[in-house]
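Numbering of ligands and ligand atoms starts at 1, following listing order.
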Amino acid sequence: MQDQHQHRHLHPAVRLDRVGKRYDRTGAYAVHDLELDIAPGEFFSLLGPSGCGKTTLLRMIGGFADPTEGRVLLDGEDVTGLPPNKRNVNTVFQSYALFDHLSLADNVAFGLKRRGVPRPEIRERVGGMLDLVQLGHLADRKPPTLSGGQRQRVALARALVNRPQVLLLDEPLAALDLTLRRRMQVELKQIQREIGITFVFVTHDQDEALTMSDRVAVMNRGRIEQCGTPEDVYERPATTFAASFMGTSNLVPGTYRSGEVLLDQGPALPVGTRAGVPDGRRVNLSIRPEKIWLSDFEPGMARAAGTVRETVYSGPTTTYLIELAPGVTVSVLEQNTVRSRREDRWSGGERVEIAWKPEHCLVLD
Ligand code: ADP
Ligand code: MG
């Protein structure tokens with residue numbers, strides 16, 4: 001799908017060329033010197049904590065905010081300074097304000113009517129779009145009679161019916177409860193695949209970003225810390241921030257020395273030689289909880305000993321908190337496959353050995 005698009009289009013759907021934004025001339029940058037290309041048809045997510053600049057970035061792409069530096073290009077055309085209605089972009093905001101006095105069909109038809117699209121065409125496009133979001137049977141209802149998930153789908157249909165080149169979505173699922181959010185994630189992704197529009201999706205939910213996106217940009221303080229496929233950013237986080245924000249990670253501070261990280265108070269943990277990390281460098285050793293083994297070790301694994309401090313059973317998995325040295329605790333996630341009975345699992349105070357494959361352990365600045 002994406003390959004076809006890339007052959008047809010010469011330009012990225014969205015290009016941010018050294019874009020910066022300060023709300024206050026002397027203040028901090030909400031978005032700083034940011035460079036980014038988003039390919040046509042891509043599902044691209046901006047992930048980061050509250051206040052990191054996600055909404056500001058989206059508003060600059062949509063034309064709701066002007067950058068103080070740099071340029072915004074859509075399909076190769078410089079649109080910096082153009083108002084929202086002069087851009088082939090639609091936005092679904094977090095609070096999807098629908099018109100309560102209009103039917104769903106009229107809500108979705110609103111933009112097309114304003115643009116003077118002929119009536120028969122409006123009827124056809126609105127019908128098709130309501131079917132796509134599975135609300136065709138409710139076309140005559142009014143928004144107040146709908147559930148949160150249904151209203152969200154109306155907002156989506158209302159944006160998509162305009163056939164924008166790019167759809168911007170600012171935490172569109174944040175107001176929904178967990179079950180509904182999971183279902184909407186799947187539906188949204190399906191719709192995006194079917195119509196092939198470029199999605200720029202803002203979220204602070206890492207699971208959402210991982211499951212939905214072709215690529216994810218992890219943002220921190222107005223900058224992109226890392227940009228890549230979900231697997232890239234999860235398996236190979238480039239920075240301590242990316243490792244801690246994207247999923248749970250054990251971050252153990254210490255000093256790197258010839259293939260080991262020396263904890264400040266405790267043992268040296270083998271990590272294998274690391275190109276580019278000089279001896280004596282302060283680092284964070286990062287390992288995902290599910291990458292640590294508690295038994296059936298294989299040759300070549302790095303090992304360490306510790307004391308179980310806590311055992312948290314959660315159905316399919318158990319999480320152990322294991323203290324390697326005073327104040328240094330790692331979390332280990334194990335499937336409840338072999339040790340499925342309580343008496344088979346470790347409990348507080350027991351000494352255990354843990355192990356990991358050297359390639360699963362990252363040494364971050
Ligand atoms: P996010 O969407 O990631 O939570 P925002 O883009 O809303 O982040 O905000 C980024 C930074 O810019 C924050 O420090 C925020 O306080 C500031 N900011 C956002 N909007 C405005 C505004 N209209 N005026 C002044 N500062 C703003
Ligand atoms: Mg925001």
May I ask you to identify the nearest protein heavy atom to [atom], giving residue, atom name and distance to one decimal place in Å?
atom                    : result
atom 12 (O) of ligand 1 : Ala30 CB, 3.4 Å
atom 8 (O) of ligand 1  : Gly53 N, 3.2 Å
atom 6 (O) of ligand 1  : Thr56 OG1, 2.5 Å
atom 13 (C) of ligand 1 : Gly51 O, 3.7 Å
atom 19 (C) of ligand 1 : Tyr23 CE1, 3.4 Å

Quick one: does atom 15 (C) of ligand 1 have a protein heavy atom under 4.0 Å from it?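 When distances to the protein are checked, atom 15 (C) of ligand 1 has no heavy atom within 4.0 Å.
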May I ask whether atom 4 (O) of ligand 1 is less than 4.0 Å from at least one protein heavy atom? yes
Going by the angle between their ring planes, with limits at 30° and 60°, are Phe43 and Phe199 parallel, tilted or perpendicular? tilted
May I ask you to check if ligand 1 and Cys52 share an N or O to N or O distance below 3.5 Å?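 Yes, there is a polar N/O contact under 3.5 Å.
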Using side chain to side chain donor-acceptor pair (under 3.5 Å), reason through Glu171 and Thr203 one step at a time and then give a plain yes or no. CA-CA 5 Å; Glu171 311 216 21; Thr203 180; 5.3 Å; no
Using a 6.0 Å distance limit plus a 45 degree cone around the ring axis, check whether Arg22 lies over the aromatic ring of Tyr29. yes
Under 4.0 Å, heavy atoms only, figure out whether ligand 1 is touched by the backbone of Pro49, its side chain, both or neither.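 It is the backbone that touches ligand 1; the side chain stays farther off.
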Between [Y] and [X], does any NZ, NE, NH1 or NH2 come within less than 4.0 Å of an OD or OE carboxylate oxygen?
X      : Y      : answer
Arg281 : Asp365 : yes
Arg18  : Glu69  : no
Glu343 : Arg341 : yes
Arg288 : Glu235 : no

Rounded distance (nearest 0.5 Å) linking atom OG of Ser249 with atom CG of Leu362: 7.5 Å
Metal site the Mg ion (ligand 2): N/O/S of Thr55 inside 2.8 Å: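 Under 2.8 Å: Thr55 contacts the Mg ion (ligand 2) through an N, O or S atom.
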For atom 7 (O) of ligand 1, which of the options Asp170, Val202, Thr55 provides the nearest non-hydrogen atom?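 Considering heavy atoms of Asp170, Val202, Thr55, the nearest to atom 7 (O) of ligand 1 sits in Thr55.
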